[in-house]
Amino acid sequence: MTDEKELPSRYQPSETESRWYQHWESKGYFRPLSDKTGNTGAKPYVIVIPPPNVTGVLHVGHALNNSIQDVLTRWNRMRGRDTLWVPGVDHAGIATQNVVERKLAKEKKTRHDLGREAFLKEVWKWKEENGNTITRQLRRLGASCDWSRERFTMDEGLSHAVREAFVSLYEKGLIYQGHYIINWCPRCRTALSDEESVHKEINGNFYHLKYPVAGKGTKAELPGEDHIVVATTRPETMLGDTAVAVHPDDERYKALHGKKLILPLVNREIPIILDAAVDPQFGTGLVKVTPAHDPNDFDMGKRHGLAQINVMTPEGKINELGGAYQGLDRFAARKQVIADLEAQGLFVKSVPHRHSVGHCYRCETVVEPYLSKQWFVKMKPLADRALKAHEEGKTKFYPNRWTKVYTNWLSGIRDWCISRQIWWGHQIPVWYCDHCLKSEIAHSDKENFVIASPGSISGGAKQSQRGIIVARETPKKCPACGGMDLVQDPDVLDTWFSSWLWPFSTLGWPEKTPDLARFYPTSDLVTAAEIIFFWVARMIMAGLEFMGEVPFSRIYIHGTVRAATGLKMSKSLGNVIDPLEVIDELGADSLRFSMLMLSAQDVYLSKEKFEVGRNFTNKLWNASRFVMMNLEGFKSGSFSGNLPDNLSTSDLWILARLDQVIETADAHLEGFGMAQASSELYHFVWNDFCDWFIELSKPVLMGGDSAEKIATQKVLFHVLDRILRLMHPFMPFVTEEIWQKLPAYASDASTSETILYAPWPVKAVSVPAQRANACRAVEWLQKAVSGLRDLRMTLNIPAQQTLKAVVAAPDAEVLRTFERFRPQIVRLARLESLEVLATFQKTKNYMGQAYPEFEVFIGIEGIVDPVKEKTRIAAKMEELRRFMTAISQKLSNDNFVKNAPEEIIQQEREKLEDAGKVLKAHEESLELFK
RNA sequence: GGGCGGUUAGCUCAGUUGGUUAGAGCACUACCUUGACAUGGUAGGGGUCACAGGUUCGACUCCUGUACCGCCCACCA
């Protein structure tokens with residue numbers, strides 16, 4: 001026997017994982033095969049990684065996401081497809097800038113102290129030092145990404161792509177600049193897109209305020225009152241009110257039509273306007289209108305030609321237009337305004353009000369609807385094409401229910417605010433010629449110039465306004481006046497403006513690279529639901545816009561990973577599970593397998609759940625160890641790899657099961673059924689291979705040299721080899737480790753130098769007819785062994801006590817089966833001897849267990865009290881009678897017989913017949929005790 | 001306010017187009033350190049499939065409604 005010391009009884013992931021990963025990467029195994037062969041034939045399999053944030057660390061969500069992608073990648077690679085998985089990270093403009101600003105703050109510095117250029121240098125420095133954390137962690141997870149193709153959204157090529165996309169959209173009139181209410185984060189001091197403003201329900205207040213009516217005589221017309229009452233959640237914005245609106249048909253306020261009000265605290269006269277957008281049922285039916293601080297009011301203001309009075313600074317403080325409140329933070333101003341109104345008797349009441357308020361997705365600060373000049377992408381035309389592509393069946397969501405989420409969002413899409421008032425990112429490729437602008441705006445409002453506005457685009461390229469240059473290359477001088485005094489727009493683009501190009505920009509677009517030609521469109525996209533709007537929908541729109549083709553046709557939305565305790569994992573709740581810790585403790589294979597097995601829906605994680613994977617890894621390791629230790633004789637090279645003809649029943653059975661499991665695993669993987677596939681494999685390896693086949697092989701292996709033994713060794717090896725391949729996508733490290741050890745035990749074992757490229761198992765082309773019979777035979781065997789064990793247990797016979805047993809099988813085939821399996825049954829049931837007979841005349845010295853096809857007996861003389869046996873049999877018979885009654889009733893139901901499919905009825909009849917046989921056997925046994 | 005998902009064993013979850021006596025892992029009970037593995041083996045206990053109706057010969061599965069839990073979306077000030 002082979003020296004056992006080579007193989008410890010515990011698998012040690014920490015000793016193998018990093019070693020194998022380095023080996024794979026250094027050998028270039030993760031690169032597509034066509035890189036070497038130049039073959040550009042068959043359709044490749046391509047996945048692009050959802051780029052993690054450069055500031056991020058690997059959390060369990062990433063771990064699941066990338067485990068799934070790695071399974072798909074490795075599976076397809078093994079199936080012989082030219083496979084590419086493109087990795088990379090995005091620059092996460094706001095998040096990264098925040099990180100570096102926090103670092104500066106510790107030195108009591110702000111980015112403005114450094115200036116733009118020096119600050120960006122700092123960010124790059126930070127990126128070089130810390131930006132590879134997550135990609136290092138992905139390697140530890142085992143992600144088989146082609147790192148030679150790793151991309152970063154701020155690298156040169158992708159920056160080039162971003163400019164091309166911007167300018168090209170601008171030329172088509174799909175990008176415009178305008179003055180609108182956008183989501184503003186006063187802490188980050190930048191605009192946010194709608195998706196970056198996260199709505200959260202909060203407990204606020206609904207403040208009721210009095211606005212006095214202007215002029216004389218109003219008191220008489222408004223019963224008893226000389227003021228009106230408005231209700232608001234943000235009283236501080238009243239400083240910018242320019243009207244109060246009422247529904248035109250609201251009878252209560254007819255008297256107010258045409259009247260003016262005095263805006264308290266600022267003493268501005270404001271009109272009462274009539275607008276159907278006002279809901280008379282809500283609040284007092286009177287709405288204060290603040291066009292500069294609320295999107296609805298902004299629209300209303302446009303309709304009525306109201307002034308837009310912005311009373312806030314970008315920091316969220318009241319500005320000079322807020323009079324006495326200047327300099328106060330918006331929340332301080334809120335308190336002060338209320339206090340002052342109260343002092344003047346103009347504060348009515350405040351009622352608790354639960355409503356949802358936007359929060360910055362990066363820093364949680366309450367978002368301020370803020371009027372400012374920003375760049376927008378006009379989304380409707382892009383969304384329409386994505387919807388059309390979907391109708392044509394070009395995109396498919398798994399599971400299907402996400403389709404509606406996607407199409408609903410596209411149908412109601414709003415323009416995308418893409419400019420950000422930060423420094424880290426792609427600076428907008430727009431330059432201003434001061435000279436031309438001055439002459440241009442002499443007769444227009446400088447602050448309100450609009451290049452294009454929503455609705456004004458009617459096809460055809462929009463001409464640049466004089467003084468504004470939108471260009472792919474940095475211009476040296478103004479094309480209009482030749483002036484050299486050009487200033488680039490200081491804003492940068494939303495990070496997602498680079499991410500939405502990811503599927504093709506990472507392949508080289510806008511250059512016409514070989515990669516782009518070969519690998520676009522990609523195959524599958526795997527991501528979590530939270531990113532459908534941010535990213536998936538936009539990638540599809542960009543793919544259609546810039547490449548004329550959807551970037552991928554299948555989108556798999558996997559479950560969200562949450563803490564076992566309930567909601568999301570968050571550092572503040574202390575319920576974060578760090579996947580790196582799990583890898584350190586249990587290994588990446590355990591982490592991957594456990595998560596994949598749980599991934600059928602949303603995953604509620606706790607640390608214990610990873611033990612399944614750990615235990616299974618160890619099981620696989622030890623099963624392999626057993627097989628290898630029993631392959632002596634094969635080192636010489638006598639093992640051809642082909643299976644011999646003289647296979648035993650159990651050999652045929654395990655091969656049949658293997659074929660089944662290959663088929664179901666493939667079917668599940670085809671539809672992203674990682675959980676089902678992994679669970680199927682788990683049970684095959686553990687229950688069929690380990691619990692039964694290995695156990696059945698032991699008597700044969702110990703029986704000395706024989707043709708039968710060699711055949712079993714070959715089958716053991718063959719099935720282990722296939723198991724390793726099947727498991728490899730799920731557990732890449734342990735399978736490679738074992739794979740590489742095989743040649744030491746079987747000379748021609750590893751036909752490929754790495755399991756990464758070992759061909760994926762396929763079902764046997766021609767299946768020997770005996771296999772079906774073998775499956776039946778093994779079922780009998782399993783029943784017999786379990787039955788004997790059951791007898792032993794229920795009769796309290798000690799495990800050490802060996803028993804004399806008898807199997808009675810009237811059917812010749814069943815009889816032959818048990819004769820063949822005699823050594824196995826003796827071993828598995830711990831017998832002293834086993835007689836196999838056609839019929840057996842039972843005596844009081846035997847106790848039995850009946851099955852439809854056979855009965856098993858154990859000799860109990862001097863071991864067991866017959867009274868116990870009597871009770872046991874009586875209980876079994878009672879159970880059987882209940883079962884038979886149920887079936888009889890079913891079969892005597894006319895409707896059932898008339899309507900049920902023939903095979904179902906047949907099944908029921910067989911059940912009844914079998915149960916009858918068993919019952920009869922029990923009756924006979926019971927007779928003995930009378 | 002809309003939309004989606006969930007409710008199956010003590011816990012975490014499977015259950016494919018309706019059809020054997022509803023399964024697994026963990027936990028539990030009993031026995032077993034048998035020459036791959038105690039991160040193991042064997043046997044076992046444990047479920048009115050959330051509730052109420054309906055369709056059907058037959059419902060965990062399909063339909064309607066209810067309750068509770070969770071998620072997403074949304075400019076009622």
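Just so it is clear: chains get the letters A, B, ... in the order the sequence lines come, proteins before strands, and each one is counted from 1. Since the structure is predicted, the reported quantities are computational estimates derived from the model, not experimental observations.
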Donor-acceptor check, side chain of [X] to backbone of [Y], threshold 3.5 angstrom: yes or no?
X: A:Asp589; Y: A:Val734; result: yes
X: A:Asp275; Y: A:Ala277; result: yes
X: A:Arg354; Y: A:Gly204; result: no
X: A:Asn622; Y: A:Ser9; result: yes
X: A:Arg334; Y: A:Pro235; result: no

When you get a sec, tell me which of [options] is the closest nucleotide to the side chain of [X]?
X: A:Gln800; options: B:C57, B:U33, B:G44; value: B:U33
X: A:Phe896; options: B:G19, B:G5, B:C73; value: B:G19
X: A:Ala900; options: B:U21, B:A43, B:C57; value: B:C57
X: A:Arg401; options: B:G5, B:G25, B:A74; value: B:G5
X: A:Asp279; options: B:A36, B:G40, B:A77; value: B:A77
X: A:His355; options: B:C57, B:A77, B:C37; value: B:A77
X: A:Ala623; options: B:A74, B:A36, B:G40; value: B:A36

Please determine whether a side-chain nitrogen or oxygen atom of [X] lies at a distance below 4.0 Å from atom OP1 or OP2 of [N].
X: A:Lys619; N: B:A36; value: no
X: A:Lys404; N: B:C72; value: no
X: A:Ser786; N: B:A43; value: yes
X: A:Asn622; N: B:G40; value: no
X: A:Asn296; N: B:C75; value: no
X: A:Trp686; N: B:G41; value: yes
X: A:Lys911; N: B:U21; value: yes
X: A:Gln676; N: B:C13; value: no
X: A:His353; N: B:A77; value: yes

What's [X] touching, base or sugar-phosphate or nothing? Going by heavy atoms closer than 4.0 Å.
X: A:Asp691; value: sugar-phosphate
X: A:Pro369; value: nothing
X: A:Val627; value: nothing
X: A:Asn893; value: sugar-phosphate
X: A:Arg414; value: base
X: A:Arg614; value: base

So does [X] reach the base of [N] with its side chain, donor to acceptor, closer than 3.5 Å?
X: A:Arg10; N: B:U39; value: yes
X: A:Glu695; N: B:A36; value: yes
X: A:Lys898; N: B:C57; value: no

(request) Using the six-membered ring wherever Trp is involved, compare the ring planes of A:Trp686 and A:Phe616 and label them parallel, tilted or perpendicular (cut-offs 30° and 60°). (result) parallel
(request) Indicate the ring-plane relationship of A:Trp621 and A:Tyr11, choosing parallel, tilted or perpendicular according to the 30° and 60° boundaries. (result) tilted
(request) Using both distances under 3.5 Å as the test, list the Watson-Crick or G-U wobble partner of B:A67, or none. (result) B:U7
Atom-pair distance ([atom1] on [X]; [atom2] on [N]), nearest Å:
X: A:Leu598; N: B:G25; atom1: CG; atom2: C1'; result: 9 Å
X: A:Phe616; N: B:G25; atom1: CZ; atom2: P; result: 12 Å
X: A:Ile904; N: B:A59; atom1: CD1; atom2: C1'; result: 14 Å
X: A:Glu368; N: B:A77; atom1: CD; atom2: C1'; result: 14 Å
X: A:Leu880; N: B:U20; atom1: CG; atom2: C1'; result: 15 Å
X: A:Met793; N: B:G41; atom1: CE; atom2: P; result: 14 Å
X: A:Ile557; N: B:C72; atom1: CD1; atom2: P; result: 14 Å
X: A:Arg827; N: B:C32; atom1: CZ; atom2: P; result: 19 Å

(message) Between A:Trp409 and A:Thr232, which residue's closest nucleotide on RNA chain B lies nearer the 5′ terminus?
(response) A:Trp409
(message) Both A:Val785 and A:Val612 contact RNA chain B. Taking the nearest nucleotide for each, which residue is further toward the 5' end?
(response) A:Val612
(request) Compare every heavy atom of A:Leu410 with every heavy atom of A:Ala537, then report the nearest pair and how far apart it is. (result) CB-CD2, 4.3 Å
(request) Using the C1' atoms only, state how far B:C75 lies from B:G23, rounded to an integer number of Å. (result) 50 Å
(message) I'd like the C1' distance from B:A24 over to B:C57, given in whole Å.
(response) 32 Å
